[in-house]
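Worksheet: the structure to be examined is printed underneath.
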Protein chains: 2
Amino acid sequence: MQWFERSRAEVIDLLLQHEISPTTQRIEIATALLSYAQHISAEEILNKVNHSKTKVSKATIYNTLGLFVRKGLVRELLVDAEKVVYDSNTTFHHHFYNVDTGELTDIIADDVPLNAMPYLPNGTYVESVEVIVRLRNHATTH
Amino acid sequence: MQWFERSRAEVIDLLLQHEISPTTQRIEIATALLSYAQHISAEEILNKVNHSKTKVSKATIYNTLGLFVRKGLVRELLVDAEKVVYDSNTTFHHHFYNVDTGELTDIIADDVPLNAMPYLPNGTYVESVEVIVRLRNHATTH
DNA sequence: CTGCTTGCAAAGGCTTTGCAGAACA
DNA sequence: TGTTCTGCAAAGCCTTTGCAAGCAG
C-alpha cells in the first residue's frame with residue numbers, strides 16, 4: 001500500500017476532522033507522518049521536519065505525537081522493546097516485522113482471519129488489535 | 001491458566017534444559033518469572049527477588065532477563081509504549097491487555113484462528129507472532 | 001588459575017515536564 | 001487580553017555498560 005505526499009489543504013482537513021487545530025508545526029508533523037513512509041519514529045519525524053523550512057522542537061514533536069494518538073489520527077505501534085513507531089494507516093491491518101532488517105510492512109487484515117474474539121472478559125470491549133508477525137531471513141549461502 | 005511455584009530442582013532443570021548455568025541469582029530470577037504471576041516486569045522481578053533472602057542487583061536482573069529471552073526460556077511481551085513484561089508461558093498464545101486496569105491475560109491460540117500466513121516475504125520465515133487485543137471497560141453507571 | 005558472574009556506579013538514550021515567551025483569536 | 005501553543009533546558013526513567021571483585025570448575 002502506497003501513500004502520497006498530501007497537499008497542505010488535505011493535511012489541514014485531516015487535522016480538523018480529528019479536532020486538532022492546525023498549527024504550522026502540527027501540519028509539518030502530520031505531513032511527515034502521512035507521507036509515503038508509513039511507519040516512522042519520533043526521531044525520524046524530528047529529522048524529516050527539521051530538514052524543511054519550519055523547525056520543530058523535540059518537546060513539540062513528542063507532545064504532538066501524543067496528541068495525534070489520543071485523537072486517533074495515527075496509531076502507536078510497538079515493534080521492539082525500544083522502538084515505537086507511528087502508523088498513519090489507521091484502517092484495520094497488521095504487521096510483518098523483519099527482525100534482521102528492521103523492515104516493517106503491512107498485512108491487510110483480510111489476509112489474516114482474526115474475526116473470532118471469544119471469551120471477552122465481562123464488561124469490556126475491544127479497543128484495538130495489534131498483530132505483529134516477527135520474521136527472520138532464511139540463512140542462505142554467504 | 002495457573003502456574004505453580006516451582007521447586008528449586010524443577011527450576012534448575014529448566015535452566016539446564018535451556019543451556020543456562022543455574023547460578024543462585026538466576027534460580028532466584030527464574031523462580032520469580034515462573035511463579036503464578038505470569039506476566040512480570042523487570043521492576044517487579046527486582047522487588048520480588050529482593051524480598052527474598054538472596055539480593056540481586058539491577059544490572060544482573062536486566063542481564064539475566066536478556067539471557068533468558070535469548071535462550072528461549074521466557075518471551076518478551078510489548079504491551080505498552082513504556083512497558084515490557086516477560087511471559088514465562090512460551091507456548092503459542094495471545095494476550096488481552098486491559099488498558100483501563102493494566103490487566104494482562106492469556107488467549108489460548110486455538111481461540112483465535114490465526115493460521116493463515118499468506119504472502120510471506122521471500123526468503124523469510126516466521127519467528128514469532130504477537131497478538132495483543134487491547135480492551136477497555138464499558139462505561140457503566142457510577 | 002582462568003573464565004564466567006555479579007554488582008556498583010556511571011553513562012546513555014529517549015521521553016516528559018516546568019516554565020517563559022510567542023502566536024492566535 | 002486570555003488562551004493555546006511552542007521551545008529550551010532540565011529532569012526523569014529505565015536500561016545498558018565498564019570495570020573490579022567474587023566465585024566456580
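Throughout, protein chains are lettered first and strands after them, A, B, ... in sequence-line order, and every chain is numbered starting at 1.
Nucleotide dG13(C) holds its C1' atom 14 Å from the OH atom of Y62(B), rounded to whole Å. Distance, L78(B) CG to dC14(C) P: 17 Å, rounded to whole Å. L67(A) places its CG atom 13 Å from the P atom of dT16(C), with the value rounded to the nearest Å. Rounded to whole Å, atom P of dG7(C) lies 13 Å from atom CG of L65(B). Rounded to whole angstrom, the span from the CD atom of Q25(A) across to the P atom of dC24(C) amounts to 9 Å. One can place CD1 of I20(B) at 16 Å from C1' of dT6(C), the figure rounded to the nearest angstrom. Look at CD1 on I27(A): it is 16 Å from P on dA23(C), rounded to the nearest Å. Straight-line distance from the CD atom of E19(B) to the P atom of dC4(C): 15 Å, rounded to whole Å.
Taking the six-membered ring where the residue is Trp, the centroids of H94(B) and F96(B) are separated by 6.0 Å or more.
Counted by atom type alone, H39(B) and N89(B) present zero donor-acceptor pairs between their side chains at under 3.5 Å. Under 3.5 Å, the side chains of S21(B) and R26(B) contain a donor-acceptor pair of N or O atoms. A donor-acceptor contact closer than 3.5 angstrom is absent between the side chains of Q25(A) and T64(A). Of the N and O atoms on the side chains of N47(A) and E43(A), not one donor lies less than 3.5 Å from an acceptor on the other residue.
Cluster annotation: L15(A) is connected to V49(A) through the hydrophobic network of ILVMFWY side chains, with a link wherever side-chain heavy atoms come within less than 4.5 Å.
Residues I107(B) and V131(B) have side chains not in contact (no heavy-atom distance under 4.5 Å, counting atoms from C-beta outward).
At a threshold of 4.0 angstrom between heavy atoms, the contacts of S21(B) are confined to the sugar-phosphate backbone, with no base atom among them.
Nearest approach of P22(A) to L16(A), heavy atoms of both residues: CD-CD2, 3.7 Å.
With a cutoff of under 4.0 Å to any heavy atom of chain B, the contacted region of DNA chain D is bounded 5' to 3' by dC14(D) to dT17(D).
K55(A) places a side-chain N or O within 3.5 Å of a backbone atom of S52(A) that can act as its donor or acceptor partner.
Between E82(B) and T64(B), it is T64(B) whose nearest contact on DNA chain C lies nearer the 5' terminus.
Heavy-atom distances under 4.0 Å link DNA chain D to K55(A), V56(A), S57(A), A59(A), T60(A) of residues 50-60 of chain A, given in residue order.
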